[in-house]
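Comments concern the structure below.
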Amino acid sequence: MIAALAPLFFGEFVSYRDVLTTFDDPRPSLPVRRLLQTAQLDEVLQCFDPLHTGQDRRALASQWSKHYLVRLIPPVVAAALVLGRRLPLALDAIEVVLDEQGLPLAFKLPGDGEQFAAPPSDAFQRFAELTEHLQMFIQILATETRLSPKVLWSNAGNYLEWFVGEMGKVLPQSLLVHGHELMERERRADGVRNPLFRPIQYVQVSQALRPDGLWRQRRVCCIRYRLDSLEHCDNCPLLDQPLPYTGDLWPPLSTGS
């Protein structure tokens with residue numbers, strides 16, 4: 001664990017305490033750049049889901065990317081919003097710790113980061129390190145697997161929107177302004193399109209389908225349904241209506257992921 005981030009890890013978020021570490025962590029790891037090379041990636045995807053090996057590699061990569069993104073995004077976002085701390089996330093400078101199934105457990109960073117010298121002027125400045133990492137990660141993975149980058153950005157935006165919403169349950173909204181802004185501004189100040197713009201929409205449905213009358217729906221499908229035995233996610237944009245309500249539909253990697 002990075003000691004400077006310790007104040008973040010309480011309650012349900014305690015499971016993230018060892019996700020961001022430095023290179024003195026003894027756990028075996030490999031550079032993210034190497035992880036995304038063809039032979040290594042194929043080995044990881046086969047380990048991750050041997051049942052679907054040889055099927056649609058794009059869908060398999062999309063499923064695996066969710067585990068990468070849901071481990072990386074929450075602690076980085078929390079550090080930036082709550083602690084005002086920027087972390088070194090250059091893709092070529094960090095390594096990833098994988099478990100026996102090829103799932104990302106932790107990320108080794110080249111340092112513990114630093115406080116912003118001055119309050120960031122906007123969301124894109126606050127989250128520059130994260131968005132630059134995502135840009136490179138998504139570009140390489142999409143090219144390697146011939147998957148649309150929009151699918152991977154949607155996976156990232158899905159977790160970002162979920163986590164900022166969860167933070168809003170326990171923190172004042174004043175701390176979360178840039179978190180919401182990152183998803184509400186269509187373009188950056190330089191005019192470049194924001195790929196995290198509005199990844200989620202809330203559709204009004206009957207209370208028989210959702211107690212609050214709102215269906216949380218992705219705008220871009222993750223294409224998991226292309227794998228045998230996997231159906232559409234509950235929040236899939238290809239569905240006409242949500243699946244019947246059965247309780248908590250949003251643990252991070254449930255069928256609604």
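More than 12 heavy atoms of other shown residues, nucleotides or ligands fall within 6.0 angstrom of atom CD in Q115. Within a 6.0 Å radius of CE in M136, no more than 12 heavy atoms belonging to other residues, nucleotides or ligands are found.
Considering only residues two or more places apart in sequence or on other chains, D92 meets the side-chain hydrogen bond (donor to acceptor under 3.5 Å, both in side chains) condition with R33. Partners of E129 according to the salt bridge (Lys or Arg N to Asp or Glu O under 4.0 Å) rule, which considers only residues two or more places apart in sequence or in another chain, are R86. Applying the side-chain hydrogen bond (donor to acceptor under 3.5 Å, both in side chains) test to Q55 and every residue at least two apart in sequence or in another chain returns D228. A search for salt bridge (Lys or Arg N to Asp or Glu O under 4.0 Å) contacts involving R57 returns D42, E144, not counting sequence neighbours. With sequence neighbours excluded, no residue forms a salt bridge (Lys or Arg N to Asp or Glu O under 4.0 Å) with D49. Partners of F9 according to the ring-ring contact (aromatic ring centres under 6.0 Å, His included) rule, which considers only residues two or more places apart in sequence or in another chain, are F13. Applying the salt bridge (Lys or Arg N to Asp or Glu O under 4.0 Å) test to D122 and every residue at least two apart in sequence or in another chain returns R185.
Heavy-atom minimum distance, A93 versus P110: O-CD, 3.6 Å. For R27 against A106, the heavy-atom pair with the smallest separation is NH2-CB, 3.3 Å. The nearest pair of heavy atoms linking V220 to K150 is CG1-O, 3.9 Å. Here the shortest heavy-atom pairing between G179 and L81 reads N-CD2, 3.7 Å. Of all the heavy atoms in L239 and W215, the pair that sits closest is O-CH2, 3.4 Å. Shown here for W153 and T131, the closest heavy-atom pair between the two residues is CH2-O, 4.1 Å.
There is a side-chain donor-acceptor pair under 3.5 Å between Q173 and H180. A side-chain N or O of R216 and one of N158 form a donor-acceptor pair less than 3.5 Å apart.
A donor-acceptor pair is defined here as one N or O able to donate and one able to accept, closer than 3.5 Å; such a pair exists between the side chain of Q125 and the backbone of S121. Side-chain atoms of S62 never come within 3.5 Å of backbone atoms of R58 as a donor-acceptor pair (strictly under, hydrogens ignored). Formation of a donor-acceptor pair under 3.5 Å by the H133 side chain with backbone atoms of A90 is not found in this model.
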Apply the test ring-ring contact (aromatic ring centres under 6.0 Å, His included) to residues F48 and H67: give CA-CA distance (whole Å), side-chain angles for both, the deciding distance (0.1 Å), then the verdict.
CA-CA 10 Å; F48 160 61; H67 295 266; 5.4 Å; yes

Taking it one step at a time, do D234 and R210 satisfy salt bridge (charged side-chain N to carboxylate O under 4.0 Å, His left out)?
CA-CA 12 Å; D234 172 77; R210 287 294 178 272; 2.7 Å; yes

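Note on L130 and L175: same hydrophobic cluster, where clusters join Ile, Leu, Val, Met, Phe, Trp and Tyr whose side-chain heavy atoms are under 4.5 Å apart, directly or indirectly. Put simply, W162 and V170 are part of the same group of oily side chains (I, L, V, M, F, W, Y) that touch within less than 4.5 Å, one to the next. Both L30 and L41 sit in one connected hydrophobic cluster of ILVMFWY residues. Membership requires side-chain heavy atoms under 4.5 Å apart, directly or through other members. Under the 4.5 Å side-chain heavy-atom criterion for Ile, Leu, Val, Met, Phe, Trp and Tyr, F197 and V164 are members of distinct hydrophobic clusters. There is a path of hydrophobic side-chain contacts, each under 4.5 Å, that joins Y16 to F127.
Within the structure, no pair that satisfies the salt bridge (charged side-chain N to carboxylate O under 4.0 Å, His left out) test touches residues 69-81, not counting sequence neighbours. The salt bridge (charged side-chain N to carboxylate O under 4.0 Å, His left out) analysis of residues 190-207, with sequence neighbours excluded, yields the pairs E184-R198, R188-D190. Annotation: salt bridge (charged side-chain N to carboxylate O under 4.0 Å, His left out) contacts involving residues 100-117, sequence neighbours excluded, comprise R85-D112.
One finds no salt bridge joining R224 and E231 here, because no Lys/Arg side-chain nitrogen approaches an Asp/Glu carboxylate oxygen to under 4.0 Å.
Aromatic ring centroids of Y159 and Y68 lie 6.0 Å or more apart.
Within the hydrophobic cluster formed by Ile, Leu, Val, Met, Phe, Trp and Tyr side chains joined at under 4.5 Å, directly or through other members, L214 is accompanied by I200, Y202. Here L105 is tied into one hydrophobic group with V97, each link being a pair of ILVMFWY side chains closer than 4.5 Å.
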